[in-house]
> 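Quick one: structure below, then a few questions.
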Amino acid sequence: VRKNTVSPTKAAMAANAMANLKSKDLYRFITDWTGVKYRLGGLDKEGIDCSGFALLLQKDIYGQTLPRRSKDQAETIKQKKLEELKEGDLIFFSFGKKEVDHVGVFLNNNFFVHASTTRGVVVDNLSLPAYQNSIVKTGTLK
């Protein structure tokens, strides 16, 4: 008896999103930071927060300067619809409050990279309800 085909695992889907990155530098950057633990105010491999991760990624990969806090970073983007996002664009979230309190960087195929408070730097699926229900702004740096 054959089992039904299982949908690709979360890990396989995230690996696929990484494999589809256009920028090899972005791929290396994410690989280099994956698993670094979350630390509020952190800006190095000892621990990093979401806005610090976005700030370093934008600076190192795109030569762009971002403010330090996600709330301020959200003010620096030209808004786009979710379906218009391109690799490197920013996604801002609000978990609970009305105000922006989290940021991630769009990759492709509904995947993004961010510094998760519980799992550290990780590639995640934007389709998950927890993220879908919390997105407040998306776009590209002006």
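Residue numbers start at 1 and run along the sequence shown.
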> Checking side-chain contact (heavy atoms from CB on, under 4.5 Å) for the pair T138/Q79: CA distance, chi angles, key distance, verdict?
CA-CA 6 Å; T138 58; Q79 278 196 264; 5.7 Å; no

> Rounded to the nearest 0.5 Å, what separation is found between the OG atom of S94 and the NZ atom of K71?
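These two atoms lie 11.5 Å from each other.
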
> Can you find a heavy atom in the side chain of V100 that is under 4.5 Å from one in the side chain of R69?
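No, their side chains stay 4.5 Å or more apart.
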
> Drop me the distance from D32's CG to L56's CG, to the nearest 0.5 angstrom.
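That separation rounds to 11.0 Å.
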
> Please say which of R39, R68, H102 ends up in a side-chain hydrogen bond (donor to acceptor under 3.5 Å, both in side chains) with D49.
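Of the listed residues R39, R68, H102, the side-chain hydrogen bond (donor to acceptor under 3.5 Å, both in side chains) partner of D49 is R68.
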
> Under the side-chain contact (heavy atoms from CB on, under 4.5 Å) criterion, do N16 and F111 qualify, and how do the steps go?
CA-CA 10 Å; N16 189 43; F111 277 83; over 6 Å; no

> Does any N or O in the side chain of Q58 come within less than 3.5 Å of the main-chain N or O of L55, such that one atom is a donor and the other an acceptor?
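Absent.
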
> What are the two closest heavy atoms between S51 and S70, and how far apart are they?
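Here S51 and S70 meet closest at CB-N, 3.5 Å.
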
> Can you find a pair of side-chain heavy atoms, one from L126 and one from L82, that are under 4.5 Å apart?
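A side-chain contact under 4.5 Å exists here.
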
> Looking at K24, I'd like to know if its NZ atom is crowded, meaning that more than 12 non-hydrogen atoms belonging to other residues, nucleotides or ligands lie closer than 6.0 Å.
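Correct, the count exceeds 12.
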
> Is it true that atom NZ of K22 has more than 12 heavy atoms of other residues, nucleotides or ligands lying nearer than 6.0 Å?
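No - once you tally the heavy atoms of other residues, nucleotides and ligands closer than 6.0 Å, there are 12 at most.
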
> How long is the straight-line distance from NZ of K45 back to CH2 of W33, given to the nearest 0.5 Å?
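Answer for the CH2-NZ pair, W33 versus K45, is 5.0 Å.
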
> Any side-chain heavy atom of Y131 within less than 4.5 Å of one from H114?
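Sidechains of H114 and Y131: in contact.
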
> So, do F92 and Q73 sit near enough that their side-chain heavy atoms are less than 4.5 Å apart?
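Yes - at least one pair of side-chain heavy atoms lies under 4.5 Å apart.
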
> Should the pair K10-D124 be classified as a salt bridge under the 4.0 Å nitrogen-to-oxygen rule?
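No, K10 and D124 are not salt-bridged.
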
> Yes or no on salt bridge (charged side-chain N to carboxylate O under 4.0 Å, His left out) for K80 and D89, after CA distance, side-chain angles and deciding distance?
CA-CA 9 Å; K80 280 182 170 178; D89 283 344; 2.7 Å; yes

> Of all heavy-atom pairs between N20 and E87, which one has the smallest distance, and what is that distance?
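Heavy-atom minimum between the residues: O-OE1, 4.4 Å.
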
> Should L107 and V122 be regarded as members of a common hydrophobic cluster, given that ILVMFWY residues are connected when their side-chain heavy atoms come within less than 4.5 Å of each other, either directly or indirectly?
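Different hydrophobic clusters.
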
> Any non-hydrogen side-chain atom of T76 less than 4.5 Å from a side-chain atom of K142?
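A side-chain contact is absent here, since even the closest heavy-atom pair is not under 4.5 Å.
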
> Any heavy-atom pair between the side chains of V113 and F106 that's under 4.5 Å?
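Sidechains of V113 and F106: no contact.
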
> Do L90 and T140 make a side-chain contact, defined as non-hydrogen atoms from C-beta onward lying under 4.5 Å apart?
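No, side chains not in contact.
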
> Is there a donor-acceptor contact under 3.5 Å linking the side chains of D25 and S23?
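No.
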
> Aromatic contact between Y27 and F29, with the criterion being ring centroids under 6.0 Å apart: yes or no?
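They do not qualify: ring centres at least 6.0 Å apart.
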
> Just so I know, are the side chains of I135 and I91 near enough to count as touching, which here means a heavy-atom distance under 4.5 Å?
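In short, these two side chains touch, coming nearer than 4.5 Å.
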
